[in-house]
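The structure appears right after this line, and notes come after that.
In the text below, chain A, chain B and the rest are named by the order of the sequence lines, each starting its count at 1. Worth saying up front: this structure is predicted, and the values here are computed from it rather than measured. Side chains are part of it too, since the values below use all heavy atoms of this structure and drop only hydrogens, waters and symmetry mates.
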Number of protein chains: 2
Amino acid sequence: MGNELTAEQIDYFMSEAMLEARKAGALGEVPIGAVVVYEGEIVGRGFNMRERLEDASQHAEFIAITEANRQLGSWRLPGAQLFVTLEPCIMCAGIIQQTRIADVYYGAADPKAGAVRSLYTLLEDERLNHQVHVHPGVQAEAAQTLLKDFFRAVRQAKKAAKAAQNKAE
Amino acid sequence: MGNELTAEQIDYFMSEAMLEARKAGALGEVPIGAVVVYEGEIVGRGFNMRERLEDASQHAEFIAITEANRQLGSWRLPGAQLFVTLEPCIMCAGIIQQTRIADVYYGAADPKAGAVRSLYTLLEDERLNHQVHVHPGVQAEAAQTLLKDFFRAVRQAKKAAKAAQNKAE
């Protein structure tokens with residue numbers, strides 16, 4: 001199970017990831033957030049910034065992991081835990097596996113692009129040099145609601161913009 | 001086939017990727033290099049810098065892709081070609097797929113971690129929103145020789161260091 005965390009710790013760290021997700025939403029980015037925990041401390045935080053930075057690598061958990069690399073002065077993070085509000089994609093599963101993170105706790109499943117349980121089980125592949133303990137569905141409802149509300153607001157804003165344009169013409 | 005390149009162009013761009021690989025080797029990094037090509041021009045270059053920068057994301061093709069993102073001011077790279085001396089890993093296959101790169105040309109296969117043909121065929125998964133044209137084995141022998149020579153030199157240096165230590169004791 002990697003390092004054992006209490007239910008209270010799991011809840012606390014996922015709430016911190018949710019806080020990061022809300023920061024992304026406030027900036028008009030898809031609201032996904034993440035934190036990396038090492039020996040009980042948060043050593044990396046991130047929220048999705050892909051559109052704003054126009055950089056394909058700027059997923060929440062990717063930012064949190066590379067921040068943890070800098071904080072700890074090492075590209076390897078053995079024994080670390082990652083908390084992320086949405087199931088990681090292929091790219092992020094790749095960096096998680098390579099950094100030797102011990103445990104991944106995630107919120108909502110991503111049926112279209114999730115590479116941890118939905119489309120692939122990349123973190124548990126025994127052919128690779130490291131396997132990760134996967135803990136899905138942590139505060140999943142809250143993470144999903146945040147995403148749904150965001151996409152509803154985007155649709156409404158598009159609709160309103162279109163209506164205003166039609167009126168102006 | 002994405003944008004059509006001539007055999008001469010393919011050879012030229014892979015030679016540029018090999019040049020990047022040699023830079024990594026000169027710095028004591030595993031010699032892997034990459035370039036991203038857009039409309040016939042190189043818009044991103046990278047060589048493996050993982051150890052030196054202690055950052056898990058610093059694979060050759062990852063650096064080249066995020067440089068191309070900056071150059072073109074967009075996290076999407078539709079129609080672009082990637083040239084890389086070694087078969088991409090899971091993380092790099094993930095960013096390649098997400099940026100909508102059209103074609104990947106690679107040199108040596110990576111039987112232990114390759115995610116394009118060896119362990120997975122992530123770039124051709126029809127469940128994902130984009131598929132990439134894969135061109136394996138371009139200047140494969142040269143890429144493989146570079147890697148083999150590097151690892152042989154590392155082993156010899158370790159052996160020499162051990163012998164010197166034994167002599168000193």
Side-chain angles (χ1 to χ4, degrees), chain A residues 29 36 44 46 48-59 61-78 80 82 88-101 110-116 118-123 125-130 132, chain B residues 29 36 44 46 48-59 61-78 80 82 88-101 110-116 118-123 125-130 132:
Chain A
E29 299 272 352
V36 173
N48 179 36
M49 291 274 279
R50 183 175 266 195
E51 300 297 335
R52 183 160 286 241
L53 296 183
E54 288 290 1
D55 179 328
S57 73
Q58 298 300 291
H59 275 182
E61 60 271 57
F62 206 93
I63 296 170
I65 290 169
T66 52
E67 187 179 309
N69 286 154
R70 282 195 299 280
Q71 280 274 344
L72 301 177
S74 169
W75 70 261
R76 297 175 185 85
L77 303 168
L82 173 74
C89 72
I90 291 172
M91 173 183 78
C92 292
I95 197 169
I96 291 165
Q97 191 276 329
Q98 289 185 49
T99 50
R100 279 80 151 169
I101 283 175
D110 185 352
K112 282 189 190 164
V116 173
S118 294
L119 296 184
Y120 290 97
T121 54
L122 294 178
L123 297 183
D125 186 339
E126 302 224 327
R127 297 171 302 173
L128 299 173
N129 62 353
H130 172 71
V132 181
Chain B
E29 299 273 350
V36 173
N48 178 37
M49 290 274 279
R50 182 174 266 196
E51 301 296 335
R52 183 160 286 241
L53 296 183
E54 288 291 1
D55 180 328
S57 73
Q58 297 301 292
H59 275 183
E61 61 273 56
F62 206 93
I63 296 170
I65 290 169
T66 53
E67 188 181 307
N69 287 153
R70 282 195 300 280
Q71 282 272 345
L72 301 178
S74 169
W75 70 260
R76 296 175 186 84
L77 303 169
L82 173 75
C89 72
I90 291 172
M91 173 183 77
C92 293
I95 198 168
I96 291 165
Q97 191 276 328
Q98 289 184 49
T99 50
R100 279 80 151 167
I101 283 176
D110 185 353
K112 282 189 189 164
V116 173
S118 295
L119 296 185
Y120 289 98
T121 54
L122 294 178
L123 296 183
D125 186 339
E126 302 223 328
R127 298 170 302 173
L128 299 173
N129 62 353
H130 172 71
V132 181

From [X] [atom1] over to [Y] [atom2], what is the distance, rounded to the nearest 0.5 angstrom?
X: His59(B); Y: Ile95(A); atom1: NE2; atom2: CD1; answer: 9.0 Å
X: Ser118(A); Y: Arg127(B); atom1: OG; atom2: CZ; answer: 10.0 Å
X: Tyr120(A); Y: Leu122(B); atom1: OH; atom2: CG; answer: 4.5 Å

Would you call the rings of Phe62(A) and Phe62(B) parallel, tilted or perpendicular, where under 30° means parallel and over 60° means perpendicular?
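Geometry flag for Phe62(B) against Phe62(A): parallel rings.
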
Restricting to non-hydrogen atoms, name the atom on Ile90(B) and the atom on Gly94(A) that form the minimum distance, rounded to 0.1 Å.
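For Ile90(B) versus Gly94(A), the nearest heavy atoms are CG2-CA, 3.6 Å.
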
Within residues 64-73 of chain A, which residues come under 4.5 Å of chain B, heavy atom to heavy atom?
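Those residues of residues 64-73 of chain A which have a heavy atom under 4.5 Å from chain B are Thr66(A), Asn69(A), Gly73(A).
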
Against chain B, work out which of Asn129(A), Asp125(A), Leu119(A) has the most heavy-atom pairs shorter than 4.5 Å and name it.
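Heavy-atom pair counts peak at Leu119(A).
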
If you count heavy-atom pairs within less than 4.5 Å of chain B, which of Arg76(A), Gln97(A), Glu51(A), Lys112(A) leads?
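When all of Arg76(A), Gln97(A), Glu51(A), Lys112(A) are compared, Glu51(A) has the most.
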
What part of Ser74(A) lies closer than 4.5 angstrom to a heavy atom of chain B: side chain, backbone, both or neither?
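Answer is both: backbone and side chain atoms of Ser74(A) are under 4.5 Å from chain B.
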
